[in-house]
Number of protein chains: 2
Amino acid sequence: MKSPTVTQTMIARKLGVSQVTVSRAIRGLPQVNNSLRNRILAEAKRCGYVPDATNFEARMMRRRANGVRPRTDVICAIVVDEDDPFGFGGRLLRGMNEEAHQTNCEVVILTHINGALPRIVLRHQVDGMIRMLGDLEMARGVLPSPIPWVSILYEVPGADLVTVDNAAGGLTLGRLLAAKGHRRVAFIGPDTHLARERLSGLRQGLAETGGDIPAEWTFLRPFVCNDDSTKDLLDEIFTRFRMAGRTIPPFTALAAYNDFMAELAVRSALQHGLRVPEDLSITGFDGALPSRLRETLPLTTIAVPLEELGAEAVRLVHWRLEHPTALRRKVVLDGQLILGRTLSAPPPHLPEET
Amino acid sequence: MKSPTVTQTMIARKLGVSQVTVSRAIRGLPQVNNSLRNRILAEAKRCGYVPDATNFEARMMRRRANGVRPRTDVICAIVVDEDDPFGFGGRLLRGMNEEAHQTNCEVVILTHINGALPRIVLRHQVDGMIRMLGDLEMARGVLPSPIPWVSILYEVPGADLVTVDNAAGGLTLGRLLAAKGHRRVAFIGPDTHLARERLSGLRQGLAETGGDIPAEWTFLRPFVCNDDSTKDLLDEIFTRFRMAGRTIPPFTALAAYNDFMAELAVRSALQHGLRVPEDLSITGFDGALPSRLRETLPLTTIAVPLEELGAEAVRLVHWRLEHPTALRRKVVLDGQLILGRTLSAPPPHLPEET
DNA sequence: TTGTAAGCGTTATCAA
DNA sequence: TTGATAACGCTTACAA
């Protein structure tokens with residue numbers, strides 16, 4: 001429990017050299033006689049001298065005296081009180097840890113921010129911060145931070161950004177829908193910026209061949225990540241069109257904001273007697289974890305490269321450290337189209353309305 | 001991006017007092033004239049002096065010179081590369097953050113250990129470590145750590161332990177099964193220490209009225225946390241007894257290691273034409289997150305107080321800091337019986353075999 | 001009640 | 001190639 005501090009001075013005394021020489025030998029500076037260096041390193045090893053452990057504070061303090069903010073090679077990821085039902089956090093972290101490992105760096109995580117800067121940030125123990133999930137407001141509270149600051153997926157003013165091209169992903173899906181012959185498509189999603197980006201891409205892709213997602217089939221709802229509200233909405237949609245005397249809705253495809261909603265849509269459609277994709281094509285977005293349904297009926301979706309986003313966030317922190325005064329930077333990655341089995345040509349018996 | 005270091009000396013010069021007086025005023029030592037103290041604190045505030053931020057290193061270094069290891073009020077939780085499919089981590093963390101907050105402390109998380117001590121530990125930036133999920137082998141690698149070290153749920157040699165009384169929980173369930181009239185019970189679970197503890201409690205509870213979980217109905221398998229292996233096992237079990245010419249298995253209840261397996265068991269039993277609980281009672285263990293199935297058919301289970309475990313782990317770190325030489329300590333919490341609807345009296349038509 | 005001096009362990013500078 | 005010295009910002013001991 002007790003760590004008997006081993007210092008450079010102790011090593012120096014033992015070998016009858018000056019402490020400064022020990023410092024030089026340990027830091028690998030060239031101006032040390034080779035045999036002396038070896039003796040010093042051997043002795044350091046023998047008595048358990050570890051530069052980081054012995055006196056990190058002294059080293060940092062002295063280095064800062066030089067005017068430069070010394071690196072700690074630790075990056076802090078922030079996930080505020082998030083339930084992370086889709087397991088995004090794990091995949092982002094995998095990417096971050098992987099990249100950090102390759103750049104001789106470590107990632108620590110905070111899940112609770114108390115309005116103020118976290119202690120490890122305040123104390124200059126981390127080089128940069130990555131906001132990866134959770135509340136954006138929190139990010140604003142922490143923002144006047146003296147260190148590089150990267151946000152993943154969501155814009156935070158003043159922070160560099162790593163995100164995925166939602167509009168481009170939507171465009172890809174929209175074009176695919178159009179190519180299959182779909183003209184009238186519905187959309188369900190939360191009323192958020194991200195959802196609107198995906199929606200606008202979808203619309204643009206459909207528009208290229210005269211298709212559309214009309215306003216009356218655009219179902220934007222406040223986002224609650226839980227089955228029930230989405231299920232209710234879907235029930236309402238499918239029921240409404242059945243009550244209007246039709247067995248199938250007046251749109252031939254349903255684009256969902258994410259895979260979670262898409263999967264619920266598939267289930268709901270099946271329950272309401274629609275065949276997927278024969279009667280109704282359904283698309284998702286995210287490429288989340290595999291589920292049981294997905295084994296039998298894989299979604300057509302845009303996979304978001306979460307591991308890559310995490311790795312890129314770490315790279316962006318490093319880049320910002322090298323370019324502290326550079327303009328704010330965005331890194332935009334492309335999602336990848338996954339061809340599942342929920343998208344086909346529209347049913348032939350549906351009259352194309354104008 | 002640049003933090004213009006404000007020092008006590010700067011404040012001192014500005015007010016024409018000595019730096020030591022500033023130090024005393026800021027630390028709230030009694031021997032400072034009140035009006036002077038106020039002037040100093042006002043100036044410190046004005047120019048943005050924050051003790052932690054300005055020079056944490058210097059303070060720590062000087063304090064360590066006094067022979068005591070100074071506190072950082074930061075605790076490190078370790079979750080190694082765990083997928084955490086049950087959301088345990090979130091609940092443990094909630095409890096830890098809550099308790100930490102109340103004791104003016106912060107929790108940071110590590111999800112990747114590279115064989116060696118994490119940097120923030122090596123650098124004396126945390127007061128203690130809590131192993132909360134994931135690989136135990138990793139814990140052993142990190143173990144010769146100079147700081148307090150608490151493990152949650154799993155024994156780690158040399159570390160203090162916070163756990164739940166698995167045997168007592170099993171006993172409660174066993175007695176409940178016995179009281180309902182069950183004499184022959186089966187068990188499924190992984191081949192782990194935890195599972196054996198729960199199993200032994202179950203057996204003991206059943207034994208009080210002559211019941212048992214015989215060896216041939218004790219299905220211990222290497223633990224893979226994924227649907228398929230468990231589903232296969234269950235299929236095998238239920239199929240075997242059907243192929244032997246019976247429509248219902250020769251046991252009247254199935255105790256599962258955890259709620260995850262219990263829920264799969266319920267599904268599997270239903271698929272094999274058994275009514276739950278009329279033909280087969282099923283019990284779980286954990287009290288994990290609610291699922292869709294659980295809304296319609298809630299499990300009878302033992303809820304593990306995860307938030308409390310997390311909070312207790314933080315308390316244990318603090319306790320250990322106060323009692324560095326005390327013997328290794330275990331804190332054992334009790335699970336709480338949740339009466340669901342998967343447990344009833346055994347079917348009357350089953351002859352009680354001896 | 002306030003100030004002076006010493007020292008924590010390191011790195012940078014200059015001299016030998 | 002090595003050493004002596006100063007400094008980083010702070011806390012403690014002792015003196016005024």
Side-chain angles (χ1 to χ4, degrees), chain A residues 3-41 44 47-72 122-125, chain B residues 3-41 44 47-72 122-125:
Chain A
S3 65
T5 313
V6 187
T7 66
Q8 293 181 352
T9 311
M10 289 169 56
I11 299 177
R13 266 205 275 273
K14 197 142 210 160
L15 297 181
V17 298
S18 88
Q19 172 267 321
V20 179
T21 305
V22 175
S23 172
R24 283 198 267 252
I26 284 169
R27 281 181 295 156
L29 296 194
Q31 66 252 38
V32 184
N33 177 293
N34 236 320
S35 78
L36 177 53
R37 150 171 296 125
N38 288 336
R39 277 171 56 219
I40 292 175
L41 292 183
C47 60
Y49 181 90
V50 181
D52 247 10
T54 302
N55 206 325
F56 180 72
E57 287 100 349
R59 183 168 296 111
M60 292 299 270
M61 194 163 71
R62 193 53 188 78
R63 283 204 184 135
R64 187 157 52 242
N66 239 38
V68 210
R69 184 191 175 109
R71 300 277 179 92
T72 60
L122 210 53
R123 292 172 177 170
H124 308 288
Q125 292 171 350
Chain B
S3 65
T5 313
V6 187
T7 66
Q8 294 181 351
T9 311
M10 290 170 56
I11 299 177
R13 266 206 275 273
K14 196 143 210 162
L15 297 181
V17 298
S18 87
Q19 172 266 322
V20 178
T21 306
V22 175
S23 171
R24 284 199 267 251
I26 284 169
R27 280 181 295 155
L29 297 194
Q31 67 253 37
V32 183
N33 177 293
N34 236 320
S35 80
L36 176 55
R37 153 172 292 127
N38 287 337
R39 276 170 57 218
I40 291 174
L41 292 183
C47 60
Y49 181 90
V50 181
D52 247 10
T54 302
N55 205 326
F56 179 72
E57 287 99 350
R59 184 168 294 111
M60 292 299 271
M61 197 163 68
R62 193 54 189 75
R63 284 200 185 139
R64 186 157 52 242
N66 242 37
V68 211
R69 184 191 174 109
R71 301 278 179 93
T72 61
L122 210 54
R123 292 171 178 171
H124 308 288
Q125 292 170 350

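What you see below is based on every heavy atom in this structure, not just the backbone, and it leaves out hydrogens, waters and symmetry mates. Just so we're clear, the structure is a prediction, and the values are computed from it rather than from any experiment. Here is the naming used below: chain letters follow the sequence lines, and residue numbers restart at 1 for every chain.
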Give me the bend of the helix from C:dT1-D:dA16 to C:dA16-D:dT1, using the axes of the five pairs at each end, rounded to 10°.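 Comparing the first five pairs with the last five, the axes sit 40° apart.
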Specify the separation, in whole Å, of atom [atom1] of [X] and atom [atom2] of [N].
{"X": "A:I11", "N": "D:dG3", "atom1": "CD1", "atom2": "C1'", "value": "17 Å"}
{"X": "B:D52", "N": "D:dC10", "atom1": "CG", "atom2": "P", "value": "12 Å"}
{"X": "A:N33", "N": "D:dG3", "atom1": "CG", "atom2": "P", "value": "11 Å"}
{"X": "B:N66", "N": "D:dC10", "atom1": "CG", "atom2": "P", "value": "17 Å"}
{"X": "B:R24", "N": "D:dC10", "atom1": "CZ", "atom2": "P", "value": "15 Å"}
{"X": "A:R123", "N": "D:dC10", "atom1": "CZ", "atom2": "P", "value": "14 Å"}
{"X": "A:Q8", "N": "D:dT2", "atom1": "CD", "atom2": "P", "value": "15 Å"}

Sole candidate of B:R62, B:R123, B:Q125, B:R64 that passes side-chain hydrogen bond (donor to acceptor under 3.5 Å, both in side chains) when paired with A:E57: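 Passing option: B:R64.
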Taking for each residue the nucleotide of DNA chain C with the nearest heavy atom, is it B:V17 or A:Q31 whose nucleotide lies nearer the 5' end?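 Looking at the nearest nucleotide for each, B:V17 comes out on the 5' side.
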Between A:N66 (side chain) and A:V68 (backbone), is there a donor-acceptor pair under 3.5 Å?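 No.
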Positional range of nucleotides in DNA chain C within the contact set of chain A, heavy-atom, under 4.0 Å: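 Nucleotide range in contact with chain A: C:dG9 to C:dT13.
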When the nearest nucleotide of DNA chain D is assigned to A:V20 and to A:L36 on a heavy-atom basis, which residue is associated with the more 5' position?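 So the residue in question is A:L36.
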[atom1]/[X] to [atom2]/[Y] distance, rounded to the nearest 0.5 angstrom?
{"X": "B:T9", "Y": "B:K14", "atom1": "OG1", "atom2": "NZ", "answer": "13.5 Å"}
{"X": "A:L41", "Y": "A:I26", "atom1": "CG", "atom2": "CD1", "answer": "7.0 Å"}
{"X": "A:L36", "Y": "A:T21", "atom1": "CG", "atom2": "OG1", "answer": "6.5 Å"}
{"X": "B:Q19", "Y": "B:T7", "atom1": "CD", "atom2": "OG1", "answer": "8.0 Å"}

At under 4.0 Å between heavy atoms, what does [X] touch on the DNA or RNA strands: base, sugar-phosphate, or nothing?
{"X": "A:T7", "answer": "sugar-phosphate"}
{"X": "B:T21", "answer": "sugar-phosphate"}
{"X": "A:R27", "answer": "sugar-phosphate"}

[X]: side-chain contact (heavy atoms from CB on, under 4.5 Å) partners, not counting sequence neighbours:
{"X": "B:R59", "result": "B:Q8, B:Y49, B:P51, B:R63"}
{"X": "B:R71", "result": "B:D73, B:D127, B:L321, B:E322"}
{"X": "B:R27", "result": "B:S23, B:R24, B:L29"}

Run A:T72 and A:H124 through side chain to side chain contact (heavy atoms under 4.5 Å, CB included) and show every step you take. CA-CA 8 Å; A:T72 60; A:H124 308 288; 5.8 Å; no
Validation row: B:M61, A:M61 side chains within 4.5 angstrom (heavy atoms):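 They are in side-chain contact.
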Between B:V22 and B:V17, is there a side-chain heavy-atom distance shorter than 4.5 Å?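 B:V17 vs B:V22: side chains touch.
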Respond yes when some side-chain nitrogen or oxygen of A:Q19 is under 4.0 Å from OP1 or OP2 of D:dT5, and no when none is.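 Answer is no, no contact under 4.0 Å.
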Output the residues of residues 55-65 of chain B in contact with DNA chain C, where contact means a heavy atom of the residue under 4.0 Å from an atom of the strand; sort by number or write none.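 Those residues are B:M61, B:R62, B:A65.
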